[in-house]
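To keep things clear, I will list the structure first and then write my remarks on it.
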Amino acid sequence: MNLAAFQSLRNGLQHNAAPATSQVRKVVEVGLREELLASDLFDDVEVGSCEDSERLLVALCTYRADVDDEVAAHGIERAWAALAFHHWAAHAFLTEDGHVEMQAATLDRPAGRYLTVHLVAQRAPSTSSGPELATILPPQRRFAGAVNVPALAHSA
């Protein structure tokens, strides 16, 4: 679903239902963290709640450097599907290279309680030090213990 369509649905939901209680938010908060960590795609998962009706739950996490953005989005989608209320749920993604963002909403029953989520995931920086290091450091500093010896001048 595109973001504009999702936001329109979310606005309608907010006008016709009440926000989820803090107890419900806490349960989903813990569940979202556990689902993301259980996928083995995400690290440094932080989930919290706030009073902003467009993002009652907020989450920030990183995904492994070797994970494609689309794979990270599918992992987030699976985690959300496991927690969304059964009556109604919708979500939208924004993705860029190294960045996946999901906005979601769910409703527990007609005219019942809703929950909104805003999750941001970023790709972890690469930890390799192979060829990349060789292109960054000048030749005399690429090897541990290398000594910088000035070139000898020869006169002819």
Side-chain angles (χ1 to χ4, degrees), residues 1-14 17 19-108 113-146 148:
M1 168 179 301
N2 75 40
L3 190 57
F6 168 78
Q7 289 172 341
S8 178
L9 285 172
R10 183 185 62 204
N11 289 340
L13 176 69
Q14 292 166 311
T21 65
S22 60
Q23 295 149 332
V24 170
R25 284 187 252 171
K26 190 66 174 170
V27 169
V28 177
E29 200 178 300
V30 169
L32 183 57
R33 184 177 192 287
E34 290 175 356
E35 288 288 332
L36 290 170
L37 288 172
S39 73
D40 289 329
L41 297 172
F42 303 96
D43 294 315
D44 303 322
V45 178
E46 297 178 39
V47 184
S49 61
C50 63
E51 297 305 317
D52 183 346
S53 63
E54 293 183 359
R55 55 187 66 79
L56 292 171
L57 287 185
V58 291
L60 180 63
C61 59
T62 57
Y63 51 100
R64 292 190 331 258
D66 64 332
V67 172
D68 184 67
D69 299 332
E70 190 172 314
V71 172
H74 285 296
I76 293 167
E77 190 171 35
R78 279 190 303 275
W80 173 241
L83 299 165
F85 301 143
H86 294 289
H87 178 69
W88 181 87
H91 61 275
F93 280 97
L94 293 173
T95 58
E96 292 180 9
D97 187 28
H99 179 95
V100 177
E101 193 169 332
M102 179 190 75
Q103 292 186 33
T106 189
L107 180 68
D108 64 355
R113 303 265 177 188
Y114 71 85
L115 182 66
T116 53
V117 178
H118 189 169
L119 184 148
V120 176
Q122 303 235 341
R123 183 180 297 128
S126 176
T127 57
S128 74
S129 60
E132 294 169 8
L133 184 61
T135 61
I136 296 169
L137 294 176
Q140 68 270 20
R141 303 198 76 203
R142 288 184 194 160
F143 305 101
N148 188 4

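All residue numbers in this chain count up from 1 along the given sequence.
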Would you say Ile76 and Tyr63 make side-chain contact, with heavy atoms under 4.5 Å?
-> no

Rounded distance [0.5 Å steps], OG1 in Thr106 versus OH in Tyr114 | 12.5 Å

Take Lys26 and Ser49 through the side chain to side chain contact (heavy atoms under 4.5 Å, CB included) test and state the conclusion after the steps.
-> CA-CA 8 Å; Lys26 190 66 174 170; Ser49 61; over 6 Å; no

Smallest heavy-atom separation, Leu41 atom then Gly75 atom, equals CD1-CA, 4.0 Å

Within the distance-only criterion (no hydrogens, no angle test), does the side chain of Ser8 pair as donor or acceptor with the backbone N or O of Ala5 below 3.5 angstrom?
-> no

Smallest separation among heavy atoms of Ala59 and Leu32, with atom names = CB-CD2, 4.2 Å

Test Arg113 against Thr21 for side chain to side chain contact (heavy atoms under 4.5 Å, CB included), laying out the working first.
-> CA-CA 8 Å; Arg113 303 265 177 188; Thr21 65; 4.3 Å; yes

Closest heavy-atom pair and its distance - Phe85, Asp108 | CD1-N, 3.3 Å

Find the distance between CG (Asp69) and NE2 (His74) and round it off to the nearest 0.5 Å.
-> 11.0 Å

Not counting sequence neighbours, which residues clear side chain to side chain contact (heavy atoms under 4.5 Å, CB included) with Asp40? List them please.
-> none

More than 12 heavy atoms from other groups under 6.0 Å of CD on Glu54 | yes

Which of Leu119, Leu83, Val117 passes side chain to side chain contact (heavy atoms under 4.5 Å, CB included) with Leu57? Answer is Val117

Roughly how far, to the nearest 0.5 Å, is the CZ atom of Arg10 from the OG atom of Ser53?
-> 7.5 Å

Of all heavy-atom pairs linking Ala124 and Ala65, the shortest is O-CB, 3.4 Å

Heavy-atom pair with the smallest gap, counting every atom of Ala90 and Trp80 | O-NE1, 4.1 Å

Less than 4.0 Å between a side-chain N and a carboxylate O, is that true for Glu96 and Arg123?
-> no

Distance col, row Leu107:CG vs Leu9:CG, nearest 0.5 angstrom, shows 11.5 Å

With side chain to side chain contact (heavy atoms under 4.5 Å, CB included) as the test, would you mind laying out the steps for Gln23 and Val27 before giving the verdict?
-> CA-CA 6 Å; Gln23 295 149 332; Val27 169; 5.9 Å; no

Has the side chain of Thr116 got a donor or acceptor atom that lies under 3.5 Å from a matching backbone atom of Leu56?
-> yes

Side chain to side chain contact (heavy atoms under 4.5 Å, CB included) partner of Leu94, the single match among Leu3, Val100, Val120 | Leu3

If you look at every heavy atom in Ala79 and Glu35, which pair is closest and at what distance?
-> CB-CB, 3.6 Å

Could you tell me which residues satisfy ring-ring contact (aromatic ring centres under 6.0 Å, His included) with Phe93, sequence neighbours excluded, listed by chain and number?
-> His91

